[in-house]
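Order of listing sets the numbers, starting from 1, for every ligand and every atom in it. Just so you know, residue 1 is the first one in the sequence shown, and it goes up from there.
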Amino acid sequence: MAEFQEISKLSALHPKPAGLVLQYGTSGFRTNAKQLDHIMFRMGLLATVRSKKTKATIGVMVTASHNPEEDNGVKLVDPMGEMVTQDWEEHATQLANADQEDLLTALKNIIEKEAINMSQEANVFVGKDTRSSSASLSQAVLDGVSALGGHSKDYGLVTTPQLHYMVCCQNTQGKYGEATVEGYYTKFCQAFIQLTKNTSNRTDDQKHLCLDGANGIGALKVREMESHLKKELQISLNNDGSKGRLNHQCGADYVKVQQKPPTGVKINPGERCCSFDGDADRIVYYYTDSEGTFHLLDGDKMATLISTFLKELLTQAGLNLKIAVVQTAYANGSSTHYLENTMKVLVRCTKTGVKHLHHVAQEFDVGVYFEANGHGTVLFSKAAEEKIQQLAEDTNVNDERKKAALLLRNTINVINQTVGDAISDMLLIEAILAIKGMTIQQWDTIYTDLPNRQLKVKVDDRRVIDTTDAERRAVTPAGLQEAIDNLVKKYRQARSFVRPSGTEDVVRVYAEADTQESADALAHEVSLAVYRLAGGVGDEPKPLH
Ligand code: NG1
Ligand code: ZN
């Protein structure tokens, strides 16, 4: 076939470094940008084949999210805007790692296995973040698409969730919104303005939000969006990319892991602040109190605020819909306890990685899912959306139910259901705080986080650690889980687990306990156990204090 000759010719322009093997990680390929040109070309091929298979538009996003500027990565987006189905991750790995001379065979294998009709049209949307490597890498994706005769649309600089949104809009013939950045701003900002329009007495302070854009794409897009907010939300934008380096001592991941404010932002006591990550699919909130103490409101606090708000509205609307919160092992124990025991909400725990959370959330009428690091959204089942819509249009219901139904309808519209989205989550949280007349301090006191610590341990081969029970227990290497159990017993309200990272060559250690000293000590002791039992490399982990 003519296409295959073209691929041979073009793939030679995007050669694979000999011996390089990369795995499809927690959410795509991710490594130093210099090693990714061939991966991008090949993901262009794969997206084209996937588009033929699904007879729908597929998305390819070039970004390495919260990782350093010199890294890059690629994520594939399926027709409804969700992450690519896990069966195709295997195809991605095969294609990515095929030697140059075996590329055509690897591609043909996928085509055969999936029974692809090669005469089917293909359509691929491509987006990129602000990394300096992203321009040429996204061009490599486009080359891959055209090598297989696919059509492509290059959205240029967009946030990851914006690209997911575009794909969903395109494949639902505009029902989800218009597949343009303008359409995105219009949809979400209008919903925000509708939600907040009856919140009387909102002061200027309440309308003001301090944002750390991580020197990334989120900052550019918030600036573009600002006029659509009609001053109902006034954002002071920091780390906008004009001087600082991407994700360097700033952004959601830095703030969450370091548990301190980003550099480059002047925070006034009590002021409501938030940080995006490098591709704007994560957000965390925080403030410093009058004594200068830093308070972090992470994904768990957002899930709690959102699920409380939705549960109250569903009750007021008299709608009997099943709501659940989906978390991972990293969720703070206090949040799980509060949700289950005080809020009486169903809580489910899944493996790390939003694709897992997303799938579990789909099982409920209303599924609120968040990773503690601030990546999350809310999913409404089709039936739930229809019931809410019907009630909002019903002329025979009392005012209270009607008001709740209208709020629910606008809430659905302010949420990007395709994927966790920092911009949409920010608008949702801002709207809820406005409707409830709540300050960030009041939100923070809903429950008190257990002190916690996350550490990384370098080991020779992190695959020696195998986990079960949504990653909360280690099955291998022998003796590790027993060692962790014995260490945990020494502390009060303690919990700890370890798992191999899906995005970095490290083992992650998490610990929580009744005091910060205890959480730090436990995390350190568990790190030592990992180092000793799982083949640690380099120096032994040192105590934090
Ligand atoms: P890994 O490296 O597998 O822990 C990290 C985050 C995930 C997810 C992915 C993708 C933590 C502990 N892990 O995965 O939640 O966001 O990156 O970006 O935050
Ligand atoms: Zn991200």
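A donor-acceptor pair under 3.5 Å is absent between the side-chain atoms of Asp425 and the main chain of Leu428, judged by distance alone. Listed for the Arg495 side chain is a donor-acceptor partner under 3.5 Å among the backbone atoms of Ala329. No side-chain donor-acceptor contact under 3.5 Å links Asp449 to the backbone of Leu297.
The shortest N/O to N/O separation between Arg282 and ligand 1 falls below 3.5 Å. Geometrically, ligand 1 and His375 share no nitrogen or oxygen pair separated by less than 3.5 Å. For ligand 1, the polar-atom distance check finds an N/O of Arg508 within less than 3.5 Å of one of the ligand's N/O atoms. Residue-to-ligand polar distances place Gly502 within reach of ligand 1: an N/O pair is separated by less than 3.5 Å. At under 3.5 Å, a nitrogen or oxygen of Ser501, whether backbone or side chain, sits near a nitrogen or oxygen of ligand 1. Checking only distances, Thr352 never comes within under 3.5 Å of ligand 1, N or O to N or O. Ligand 1 has an N or O atom lying under 3.5 Å from an N or O atom of Asn373, backbone or side chain.
When each of His358, His375, Glu82 is paired with Val419, the side-chain contact (heavy atoms from CB on, under 4.5 Å) condition holds for His375 and for no other.
Under the 6.0 Å cut-off for aromatic ring centres, Phe188 and Phe192 do not qualify, their centroids lying 6.0 Å or more apart. Annotation: Tyr287 is not in aromatic contact with Phe294 [ring centroid separation under 6.0 Å not met].
Between the choices Gln454, Glu371, Glu471, the shortest heavy-atom distance to atom 15 (O) of ligand 1 belongs to Glu371.
When each atom of ligand 1 is checked for a heavy atom of Tyr330 under 4.0 Å away, the hits are 12 (C). Those atoms of ligand 1 that come under 4.0 Å of a heavy atom in Thr26, given as number and element, are 1 (P), 3 (O), 9 (C), 14 (O). For ligand 1, the atoms sitting less than 4.0 Å from at least one non-hydrogen atom of Arg30 are 18 (O), numbered in the order shown with element in parentheses. Interface atoms of ligand 1 facing His66, defined by a heavy-atom separation under 4.0 Å, are 17 (O), 18 (O). Each of the atoms 1 (P), 3 (O), 4 (O) of ligand 1 lies under 4.0 Å from some heavy atom of Arg499.
When heavy-atom distances to ligand 1 are checked against a 4.0 Å cut-off, Tyr510 has no atom that comes that close, whether in backbone or side chain.
Within Asp279, OD1 is the N, O or S atom that lies nearest to the Zn ion (ligand 2). Minimum-distance N/O/S atom of Asp281 relative to the Zn ion (ligand 2): OD1. Residue Asp277 approaches the Zn ion (ligand 2) most closely through its N/O/S atom OD2.
The closest protein non-hydrogen atom to atom 10 (C) of ligand 1 is Ser27 OG, 3.6 Å. The nearest heavy-atom contact from the protein to atom 5 (C) of ligand 1 is Thr503 OG1, 4.0 Å.
Counting only heavy atoms from C-beta outward, the side chains of Met83 and Leu76 never approach each other to under 4.5 Å. Proximity of Tyr330 to Lys256: side-chain heavy atoms (C-beta onward) are nowhere separated by under 4.5 Å.
With Tyr447 as the aromatic partner, Lys301 meets the cation-pi criteria of under 6.0 angstrom to the ring centre and within 45 degrees of the ring axis.
The distance from the Zn ion (ligand 2) to the nearest N/O/S atom of Thr63 is not under 2.8 Å.
With respect to the salt-bridge test (charged N to carboxylate O, under 4.0 angstrom), the residues Glu430 and Arg272 qualify. Between Asp279 and Lys75 there is a salt bridge, since at least one side-chain N of the basic residue sits less than 4.0 Å from a carboxylate O of the acidic one.
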Exercise for the section: Would you please test Glu89 and Lys355 for side chain to side chain contact (heavy atoms under 4.5 Å, CB included) and show each step? Expected result: CA-CA 12 Å; Glu89 290 184 2; Lys355 60 193 174 198; 2.8 Å; yes
